[in-house]
Amino acid sequence: MTKRTKIVDVLTNDSLIGKEVVVKGWVRTFRSNRFIALNDGSTINNVQVVVDFESMNESELKRITTGASLSVTGELVESQGKGQNVEIIVKALEVIGDADPDEYPLQPKKHSMEFLREKAHLRFRTNTFSAVFRIRHAMSYAIHKYFNDNGFYHLHSPIITGSDAEGAGEMFRVTTLDLDNTPKTADGSIDVSEDFFGKETNLTVSGQLEAELGALALGQVYTFGPTFRAENSNTSRHLAEFWMVEPEVAFNDLVDNMDLAEDFLKYLAKYALDNCKDDITFLNNREVQEDKSKPQAERNELTLIERLEFVANNDFERITYTDAIRLLENSKPYKKKKFKYLPEWGKDLQSEHERYLVEKHFKKPVIITDYPASFKAFYMRENEDGKTVAAMDILFPGIGEIVGGSQREERLDKLKQKCADFNIPEEHVWWYLETRKFGTCKHAGFGLGFERLVMFVTGMTNIRDVIPFPRTPKNAEF
RNA sequence: UCCUCCAUAGCUCAGUUGGUUAGAGCGGUUGACUGUUAAUCAAUAGGUCCCUGGUUCGAGCCCAGGUGGAGGAGCCA
């Protein structure tokens, strides 16, 4: 009958004090047969519900267990106790759904992240994960808001793609063929003309090429969708299914591109600080506690909040690949032979090199630009030196590469040459080449790994803990 | 895919040179207590020691293979 009040409102809206409220949520703890900590997901904070156990049916009281869902009607009053400002004095309490304490796996104590990953269906009910996923939502919203407020259009790039020219990684094949009985052509290979689309199709590894098509008419676009890579990578920074944000802007060059990416990331850090205060504070304190049990060398130099403030308020370092190599060659670990791999012009930077630059030398986000063409993608614009391309990677402390982008090759002859160099048949990318044939112009864009952003903003150290149901090699549970 | 480490109670872990009956804390249950904040106190239940094979009189412990997990590397976002 009476409308449910969300716990976030119960805790923050002073005008409700003295009034009767109805709250519904899940029991976090039940102490002394009298105090229920109830949470409904609207905030990380619980409301304390005070039960008059002397007058309650004992069998009903027994059903108030960790994890059970309740409907509580009662008066909101200022708390007699010290830990909270307000509490609800129960008038009526109904157990909506029981949670058998013998079987309910979440206890009011610390669990390991690995254990909770196996209980991915229930881990939303913990403080840490509810905070992470509220922040994940806020970041998703902030991304749309940033682009909308800056005149970008959200472009929906396809998830199933017939394009096989991207080369961004191994792809997941999409087919409706009977795998036990595939149709064959005369030479014995699989006859893909019989497949649903009449050709080989895969899940997208990037929406970039499609975003470029949009940008070259709409001016400023971005994609924000799921991306799939069938790489057998087993690290705390990679997923087989992840979400990527890819803005693309006509008439932008590499400097414009860097300016956009930096402004965007600063906006997101500030948005989190301004709009997710309770959750960020919780995760900040959680990390401080965790760090206490770690050796000095593994602790964070700055707290989570300090790191977010730092990104929001300080300019990123910008350095060319060539200068970065020179800097590494004159670094202490180089001279003391601490690098496992020697930095060398023409070879890609190793993780240890990036970490040195970001975490030891500059101690701030670093944008590395103008990489050698040899290990970058075919669509990146060739620089005047003929050796490097107008690429940029943004490296974050503890996360590594969070953004990768470039100014695109807009000159048709150069792009055709690149296709040849990379063994990409022109007939596969005819539609992409046509944008250079008809009204071509400078343009640039980048890709932001959404989960890596959420890792940075939450301080979580494993990417599997910032997406509800992680997809990794040998794991597609739930 | 490669390297290193790990797998014992519901959870976090200990377990001696290979030895007979595998332990602790937390959680659960039962009871006491009741304005608590990880409540407290007492009692109590709870085990395919990841799987398969091997060595041995005897394996949680040693060996081989497998599976799963973590950290690092590569690839990248």
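For the numbers below, each heavy atom of this structure counts, side chains included, while hydrogens, waters and symmetry mates do not. Only a predicted model underlies this, so the values are computations on that prediction, with no experimental measurement involved. Just so it is clear: chains get the letters A, B, ... in the order the sequence lines come, proteins before strands, and each one is counted from 1.
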Considering only atom [atom1], compute the distance from [N] to [M] and round it to an integer number of Å.
N	M	atom1	result
U20(B)	C49(B)	P	16 Å
G53(B)	G60(B)	P	15 Å
A77(B)	A39(B)	P	46 Å
A14(B)	G46(B)	P	25 Å
C5(B)	A9(B)	C1'	24 Å
G47(B)	U8(B)	C1'	8 Å

Has K266(A) got its NZ or CZ under 6.0 Å from the middle of the six-membered ring of F316(A), at an angle within 45 degrees of the ring axis?
-> yes
Euclidean distance, atom [atom1] of residue [X] to atom [atom2] of [N] [Å, nearest integer]:
X	N	atom1	atom2	value
I463(A)	C76(B)	CD1	C1'	10 Å
I394(A)	C76(B)	CD1	P	18 Å
Q107(A)	U29(B)	CD	P	11 Å
M113(A)	G71(B)	CE	C1'	16 Å
D100(A)	U29(B)	CG	P	8 Å
E170(A)	C75(B)	CD	C1'	10 Å
W243(A)	C76(B)	CH2	P	24 Å
Q208(A)	C76(B)	CD	C1'	14 Å

Side-chain N or O of [X] closer than 4.0 Å to phosphate OP1/OP2 of [N]:
X	N	value
R28(A)	U37(B)	no
R31(A)	A39(B)	yes
R237(A)	A73(B)	yes

Just to be sure I understand the rule, does [X] reach a base, reach only the sugar-phosphate, or reach nothing, if contact means heavy atoms closer than 4.0 Å?
X	answer
V245(A)	nothing
I402(A)	sugar-phosphate
S351(A)	sugar-phosphate
E87(A)	base
K82(A)	base
F450(A)	nothing
T66(A)	nothing
K376(A)	nothing
F30(A)	nothing

Other residues, nucleotides, ligands: >12 heavy atoms within 6.0 Å of [X] [atom1]:
X	atom1	result
F375(A)	CZ	yes
F422(A)	CZ	yes
E78(A)	CD	no

When you get a sec, tell me which of [options] is the closest nucleotide to the side chain of [X]?
X	options	value
H111(A)	U37(B), C76(B), C11(B)	C11(B)
F115(A)	U12(B), G71(B), G74(B)	U12(B)
T235(A)	A73(B), A70(B), G35(B)	A73(B)
P101(A)	G28(B), G35(B), A73(B)	G28(B)
D348(A)	C76(B), A73(B), U36(B)	C76(B)
N234(A)	U36(B), G72(B), U1(B)	U1(B)
Q84(A)	A39(B), G74(B), U37(B)	U37(B)
E401(A)	A39(B), C76(B), U36(B)	C76(B)
Q350(A)	U36(B), A77(B), G74(B)	G74(B)
S32(A)	U34(B), G27(B), G35(B)	U34(B)

Regarding [N], can its base be found pairing with the side chain of [X] as donor and acceptor, where the two atoms are less than 3.5 Å apart?
X	N	value
E118(A)	G68(B)	no
E231(A)	U1(B)	no
E103(A)	G10(B)	no
E114(A)	G69(B)	no
D102(A)	U29(B)	no
H238(A)	C76(B)	yes
R34(A)	C33(B)	no

Strand partner of [N], provided both Watson-Crick or wobble distances fall under 3.5 Å:
N	value
C61(B)	none
C26(B)	G10(B)
C2(B)	G72(B)
C50(B)	G66(B)
U17(B)	none

Toward the 5' end of RNA chain B, by each residue's nearest nucleotide, S112(A) or F242(A) =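 Of the two residues, S112(A) wins.
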Which residue lies more 5' along RNA chain B, comparing E58(A) with N462(A) via nearest heavy atoms |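 Comparing both residues, the 5'-ward one is E58(A).
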For this output row, return yes or no: ring centroids of Y146(A) and F152(A) closer than 6.0 angstrom.
-> no
Proximity of F478(A) and H121(A) rings by center, below 6.0 Å = yes
Option passing salt bridge (Lys or Arg N to Asp or Glu O under 4.0 Å) with E451(A) (candidates R471(A), R136(A), R464(A)) | R136(A)
Side chains of Q84(A) and F35(A): closer than 4.5 Å at any heavy-atom pair?
-> no
In terms of ring plane angle, is the pair H353(A) and F339(A) parallel, tilted or perpendicular, where the classes change at 30° and 60°?
-> perpendicular
Could you point out which residue of F242(A), Y222(A), F224(A) forms a ring-ring contact (aromatic ring centres under 6.0 Å, His included) with F450(A)?
->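 The single option meeting the ring-ring contact (aromatic ring centres under 6.0 Å, His included) with F450(A) is F224(A).
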